[in-house]
Amino acid sequence: MPEKLDQAAKNGLDIELFYEDLEYVAKSFPGGVVPHNLLAAANIIRALCEERGIVVVCLQPFQHYEGLRDRRRHEQKIDEMRLWMVLAQILGTNLIAIPSTSLGEDEMSGDLDLIVSDLRKVADLGAPYGMQFAYESLCWGTYCDVWERSWEIVQKIDRPNFGICFDTFNMAGRVYADPAAPSRRTPNAAADMAASLQRLVETVDVKKIKFLQVVDAEYLDEALQPGHKYYDPAQPARMSWSRNCRLFYGEEDRGAYLPVKAILHALLVDLRFEGWVSAELFSRSLFQPEPSVPAEHARRAAESWKKIVRDFNLSEPAQLQKARIPEPYLQDQVRAQL
């Protein structure tokens, strides 16, 4: 963790924190991944970040929550969210990201009313403590796989602290791209993407956008079918592609081919979004054994951001303020419940 944070600081980056990062630190303590060790891990990571002037943008991903058929498991997830809120507070952020679930239909209901009710519950749970939530459509999601669906859900939830995260990979990865197709594109890729972006500009309230995730992805030499080196029969093709082949914005020399620039034009120019822009990259390159991996990816992320600034004539923020939750007693409340 210190090395990753060193490279982030060197390249002027703040971070999204994955829950798994907390688990990695907690595993080093006696007892392993238990609540009090996770709280200790959050304090350690917060201190490491503050030493380097790094802001934690959000804590994510709170996975496989909405629409669970097993309502006992639902109640367990609510308890997990209480812990997550404390972890977020310790980390200095008030934002938690929730991706749409990709559980099978045997575990997850497609009942829209149930999905909305479940997500509204976490919004109401977090509201007294200043918590914000960002919901995102994964392009391999079971019932929510396009931004239009997540936007519909956000509107129905109708809470000021519950908004949407737009992810350029997941937006283009469903409407424009299909890694399993011969062309690696959907049949009407360009037209459908243009129509989707037009709907976005016409219907989305920019105030409900909590943050953006901006990455591209690699055009595969062969369709991601059985026999492909990234093929996993337990995963949808788009998920396997996502885990192995994401690229930073502007990396066409590495095979990037998604219409990310058009998506960003809709969000940054047409809607005039102002807020956090993140580069959420998953890739096989992250698993290379060389010690230079954190430095190389931090450098690429910084270069990508510079390209975005140039391409859209953005101004850099003069100063960033860390998000704070106003009620400090939240930690004591949850510790007592634990």
Side-chain angles (χ1 to χ4, degrees), residues 14-23 35-36 38-39 41-43 45-46 49 55-68 71 73-101 112-138 144 150-167 205-213 275-276 278 321-338:
D14 294 297
I15 64 166
E16 289 186 71
L17 192 77
F18 266 62
Y19 179 75
E20 286 79 2
D21 289 310
L22 291 167
E23 288 187 320
H36 65 272
L38 288 166
L39 296 172
N43 276 293
I45 292 175
R46 171 68 178 271
C49 287
V55 174
V56 177
V57 176
C58 73
L59 177 63
Q60 71 125 331
F62 191 74
Q63 298 186 92
H64 304 317
Y65 162 71
E66 75 280 21
L68 286 168
R71 301 314 286 175
R73 177 60 181 145
H74 166 79
E75 291 302 322
Q76 292 172 356
K77 294 292 287 186
I78 291 293
D79 288 339
E80 289 178 24
M81 177 55 79
R82 291 189 176 98
L83 174 60
W84 275 56
M85 291 195 302
V86 177
L87 294 170
Q89 183 189 30
I90 293 171
L91 292 165
T93 182
N94 66 345
L95 181 61
I96 293 175
I98 305 175
S100 65
T101 187
L112 183 60
D113 289 338
L114 180 61
I115 291 170
V116 169
S117 175
D118 286 351
L119 292 168
R120 185 180 289 145
K121 187 177 294 185
V122 296
D124 291 343
L125 182 69
Y129 310 110
M131 294 302 303
Q132 301 283 322
F133 301 91
Y135 189 55
E136 172 194 356
S137 293
L138 299 183
C144 184
S150 56
W151 177 239
E152 177 188 9
I153 290 169
V154 166
Q155 288 180 294
K156 288 181 177 294
I157 291 168
D158 192 26
R159 294 293 189 269
N161 66 329
F162 198 98
I164 192 169
C165 168
F166 283 107
D167 180 309
D205 178 1
V206 69
K207 295 178 182 178
K208 297 293 286 185
I209 303 175
K210 298 300 182 183
F211 71 114
L212 307 182
Q213 293 175 324
W276 288 108
S278 168
Q321 297 295 325
K322 295 180 181 180
R324 300 285 185 178
I325 300 174
E327 289 79 4
Y329 55 82
L330 175 60
Q331 292 184 45
D332 293 333
Q333 281 189 333
V334 177
R335 282 197 181 98
Q337 294 176 25
L338 294 172

Residue pair Lys210 / Ala134: nearest heavy atoms and the distance that separates them: CB-CB, 3.7 Å
Ala97 versus Gln60, closest heavy-atom pair with distance: CB-CB, 3.4 Å
Stepwise side chain to side chain contact (heavy atoms under 4.5 Å, CB included) check, Val56 with Arg46: CA-CA 8 Å; Val56 177; Arg46 171 68 178 271; 5.8 Å; no
Check against side chain to side chain contact (heavy atoms under 4.5 Å, CB included), Thr101 and Tyr65: CA-CA 7 Å; Thr101 187; Tyr65 162 71; over 6 Å; no
Nearest non-hydrogen partners of Asp118 and Gly67, listed with the distance: OD2-N, 2.8 Å
Reported CZ-to-CD distance for the pair Phe18 and Glu23, which is rounded to 0.5 angstrom: 12.0 Å
Pairing residues for Lys121 by the salt bridge (charged side-chain N to carboxylate O under 4.0 Å, His left out) criterion, not counting sequence neighbours: none
Exercise: identify the closest heavy-atom pair between Gln63 and Pro99: CG-CG, 4.1 Å
Residue pair Ile153 / Ile115: nearest heavy atoms and the distance that separates them: CD1-CG2, 4.0 Å
Approximate separation, where rounding is to 0.5 Å, of Leu39 CG and Gln89 CD: 10.5 Å
With Glu152 via side-chain hydrogen bond (donor to acceptor under 3.5 Å, both in side chains) - residues at least two apart: Arg149
CD1 on Ile98 to SG on Cys165, rounded to 0.5 Å: 11.5 Å
Interatomic spacing from CH2 in Trp276 to CG in Leu212 - rounded to 0.5 Å: 12.5 Å
Side-chain touch Glu20/Pro61, heavy atoms, less than 4.5 angstrom: yes
Sidechain-backbone polar pair: Lys156 side chain, Ser117 backbone, donor-acceptor under 3.5 Å: no
Any side-chain heavy-atom pair of Val122 and Ile78 under 4.5 Å: yes
Residues that Asp205 engages under salt bridge (charged side-chain N to carboxylate O under 4.0 Å, His left out), provided they are two or more places apart: none
Flag, side chain of Asn94 to backbone of Gln132, donor-acceptor distance under 3.5 Å: no
Flag side-chain contact, heavy atom, 4.5 Å: Ile96 against Met131: yes
Straight-line distance of His74 NE2 to Arg71 CZ, nearest 0.5 Å: 4.5 Å
Test item: side-chain donor near acceptor, Gln213 and Glu16, under 3.5 Å: yes
Salt bridge (Lys or Arg N to Asp or Glu O under 4.0 Å): pairs with one or both residues in residues 59-68, sequence neighbours excluded: none
Closest heavy-atom pair and its distance - Gly163, Val154: O-CG2, 3.6 Å
Whether Thr93 side chain and Val57 backbone form a donor-acceptor pair below 3.5 Å: yes
NZ/NE/NH1/NH2 to OD/OE distance under 4.0 Å, Arg120 and Asp113: no
All ring-ring contact (aromatic ring centres under 6.0 Å, His included) counterparts of Tyr19, not counting sequence neighbours: Trp84
Rounded distance (nearest 0.5 Å) linking atom CG of Leu59 with atom CD1 of Ile15: 10.0 Å
Residues that Trp151 engages under side-chain hydrogen bond (donor to acceptor under 3.5 Å, both in side chains), provided they are two or more places apart: Gln155
Ring-face cation contact, Tyr135 with Lys208, 6.0 Å cut, 45° max: no
